[in-house]
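What follows is one structure encoded as structure tokens, with my remarks underneath.
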Amino acid sequence: MKKTVLLATAAVLAAGVAQAGTLDDVKARGELICGSNTGLTGFGAPGADGTWTGFDVDLCKALAAAVLGDASKVKFVPTTGETRFTALASGEVDVLIRNSTWTFSRDTELALDFVAVNYYDGQGFMVKKDLGVTSAKELNGATVCIQTGTTTELNLADFFKANNMTYTAVNVADDSEGQRQYLAGACDTYTTDASGLAASRATMADAENHIILPEIISKEPLGPVVRHGDNQWGDIVRWTYFALLIAEEKGITKANFEEIAASTTDPEVKRLAGLEGDMGAKIGLDNEFAKRAVLAVGNYGEVFDANIGESTPIGLARGLNALWTQGGLQYAAPFR
């Protein structure tokens with residue numbers, strides 16, 4: 001009953017806020033309010049000086065550059081697994097970009113729209129080496145640190161039931177608490193998206209003593225979320241993200257965009273640079289919105305490599321997040 005009331009309330013809030021027009025609100029305010037993680041290294045976390053960095057953070061910055069002409073015009077609002085969708089539905093934030101999974105229920109019940117997938121992920125398990133476990137199927141009877149208000153809870157229950165195993169949940173509010181409880185020995189294993197496990201392990205002083213088990217037990221398509229009914233704003237978020245993908249596909253980087261734009265004969269690149277097509281006008285922006293997004297943060301590959309790639313402490317391979325031309329799933333619709 002409680003869940004039904006909450007979902008209905010969120011739907012009503014979202015419908016009311018969406019009608020106001022998020023683009024107009026952002027322009028009038030002169031600042032984008034981006035719903036973020038409370039702190040997940042590599043994806044979205046504030047530094048000691050309060051400056052936010054990360055893979056998801058860069059998409060917020062690209063969006064601010066596209067809409068406001070300045071990537072710094074972003075206010076980051078930390079949200080937990082339980083508070084994130086309400087924060088978006090109520091209008092507390094303009095967009096949610098913080099490793100949230102696109103599911104049927106969320107898409108249909110929350111009056112919210114997932115507009116793209118910026119990271120294809122899956123749920124995994126992390127354990128200490130001295131536990132002596134090499135497979136998630138050896139976790140029968142384990143205590144498991146698990147974030148509340150997430151798809152992770154449901155996946156965990158399904159996995160253990162399917163394998164005739166039992167577990168005891170240790171509920172945590174966010175990644176930081178999950179890591180603390182796990183390190184303190186409150187649970188045998190910590191489960192969340194595999195990327196989140198890699199991010200958490202990268203911050204541990206004894207990272208080499210922790211292993212991520214081989215099983216990936218779910219599909220976790222993570223991406224930006226907007227309020228249902230505000231189609232123009234959804235288009236802006238979607239095509240700002242697609243611009244980063246198309247730039248990588250075309251070999252355009254933050255450093256060479258100006259040079260390529262000045263000499264290209266590729267019609268799609270010309271449209272991306274704002275030289276042809278009046279693309280921005282179709283969504284309420286000027287025609288250089290996509291160019292500004294790429295110049296602010298780089299193409300998708302640059303954003304990935306700088307924040308979570310193999311040369312960073314997190315060390316994630318592109319995998320499913322490689323471009324479609326490289327065997328991955330990242331694929332932008334044509335910019336025409």
Side-chain angles (χ1 to χ4, degrees), residues 1-23 25-26 32-40 43-45 52 54-57 59-60 63 74-121 123 146-157 171-178 191-193 195-196 218-231 233-238 241:
M1 179 67 176
K2 181 180 178 182
K3 180 181 178 183
T4 301
V5 172
L6 180 61
L7 292 175
T9 301
V12 171
L13 287 170
V17 175
Q19 289 178 3
T22 306
L23 175 60
D25 292 343
V26 172
L32 172 72
I33 303 177
C34 194
S36 304
N37 203 295
T38 53
L40 182 60
F43 284 85
W52 284 75
F55 177 80
D56 287 332
V57 166
L59 182 50
C60 293
L63 185 58
V74 187
K75 176 183 178 181
F76 294 96
V77 174
T79 62
T80 68
E82 290 189 299
T83 65
R84 54 187 162 172
F85 297 120
T86 302
L88 178 60
S90 67
E92 181 183 352
V93 300
D94 300 314
V95 61
L96 189 66
I97 306 179
R98 49 88 68 216
N99 57 300
S100 297
T101 302
W102 189 348
T103 71
F104 177 90
S105 297
R106 289 174 176 176
D107 205 14
T108 58
E109 295 178 354
L110 294 180
L112 303 174
D113 290 336
F114 287 78
V115 298
V117 177
N118 71 327
Y119 192 91
Y120 289 94
D121 209 345
Q123 184 175 333
I146 180 83
Q147 290 183 58
T148 55
T150 64
T151 57
T152 315
E153 287 183 294
L154 305 177
N155 298 334
L156 178 66
N171 294 323
V172 298
D174 53 34
D175 289 287
S176 297
E177 185 184 355
T191 184
T192 188
D193 298 339
S195 63
S218 70
K219 294 184 294 183
E220 304 294 330
L222 312 178
V225 193
V226 300
R227 287 178 287 274
H228 185 69
D230 197 348
N231 296 341
W233 182 244
D235 288 343
I236 289 170
V237 177
R238 178 184 302 108
Y241 172 63

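Nothing fancy with the numbering, it's 1 onward along the sequence.
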Grab the two heavy atoms, one from R84 and one from S100, that are nearest each other, plus how far apart they are.
-> NH1-OG, 3.1 Å

Which pair of non-hydrogen atoms, one from L59 and one from P224, has the smallest distance, and what is that distance?
-> CD2-CG, 4.2 Å

Heavy-atom pair with the smallest gap, counting every atom of D113 and G229 | OD2-N, 4.0 Å

Within the distance-only criterion (no hydrogens, no angle test), does the side chain of T101 pair as donor or acceptor with the backbone N or O of P221 below 3.5 angstrom?
-> no

Donor-acceptor pair between E92 and S90 side chains, under 3.5 angstrom = no

Test N171 against I146 for side chain to side chain contact (heavy atoms under 4.5 Å, CB included), laying out the working first.
-> CA-CA 5 Å; N171 294 323; I146 180 83; 3.6 Å; yes

Distance (rounded to the nearest 0.5 Å) between L112 CG and D230 CG | 11.5 Å

Return the orientation label for the F55 and F43 ring planes: parallel under 30°, perpendicular over 60°, tilted otherwise.
-> perpendicular

Determine the interplanar angle of the W52 and F76 rings, folded into 0 to 90°, and report it as parallel if under 30°, tilted if 30 to 60°, perpendicular if over 60°.
-> parallel

Could you tell me whether a side-chain N or O of W233 sits under 3.5 Å from a main-chain N or O of D94, the two making a donor and an acceptor?
-> yes

Quick one: does D56's side chain have a donor or acceptor within less than 3.5 Å of a partner on N99's backbone?
-> yes

Exam field: side chain D174 to backbone S176, donor-acceptor pair closer than 3.5 Å | yes

So T148 and E82, side chain to side chain contact (heavy atoms under 4.5 Å, CB included) or not? Walk me through it.
-> CA-CA 7 Å; T148 55; E82 290 189 299; 3.3 Å; yes

Spacing of CG belonging to L222 relative to CH2 belonging to W102, to within rounding of 0.5 Å = 12.0 Å

Quick one: pull up CG in L96 and OG in S36 and give me the separation to the nearest 0.5 Å.
-> 8.0 Å

May I have the step-by-step check of side chain to side chain contact (heavy atoms under 4.5 Å, CB included) for R106 and T151, ending in yes or no?
-> CA-CA 10 Å; R106 289 174 176 176; T151 57; 3.6 Å; yes

For Q123 and L156, run side chain to side chain contact (heavy atoms under 4.5 Å, CB included): C-alpha distance rounded to whole Å, both residues' side-chain angles, the deciding distance at 0.1 Å, then the answer.
-> CA-CA 9 Å; Q123 184 175 333; L156 178 66; 4.2 Å; yes

OG1/T103 to CZ/F114 distance, rounded to the nearest 0.5 angstrom?
-> 6.0 Å

Are any non-hydrogen side-chain atoms of L23 and I236 less than 4.5 angstrom apart?
-> yes

Calculate, to the nearest 0.5 Å, the distance between atoms OG and CG belonging to S218 and L154 respectively.
-> 10.5 Å

Heavy-atom nearest pair, D175 first then G39, reads CB-O, 4.3 Å

Do side-chain atoms of Y119 reach the backbone of E220 as a donor and acceptor pair under 3.5 angstrom?
-> no

When rounded to the nearest 0.5 Å, the distance separating CD of E109 from CZ of F104 is 8.0 Å

Any idea which heavy atoms bring G223 and N118 closest together, and the distance?
-> CA-OD1, 3.4 Å

Which atom of L32 lies closest to which atom of L63, heavy atoms considered = CD2-CD2, 3.9 Å

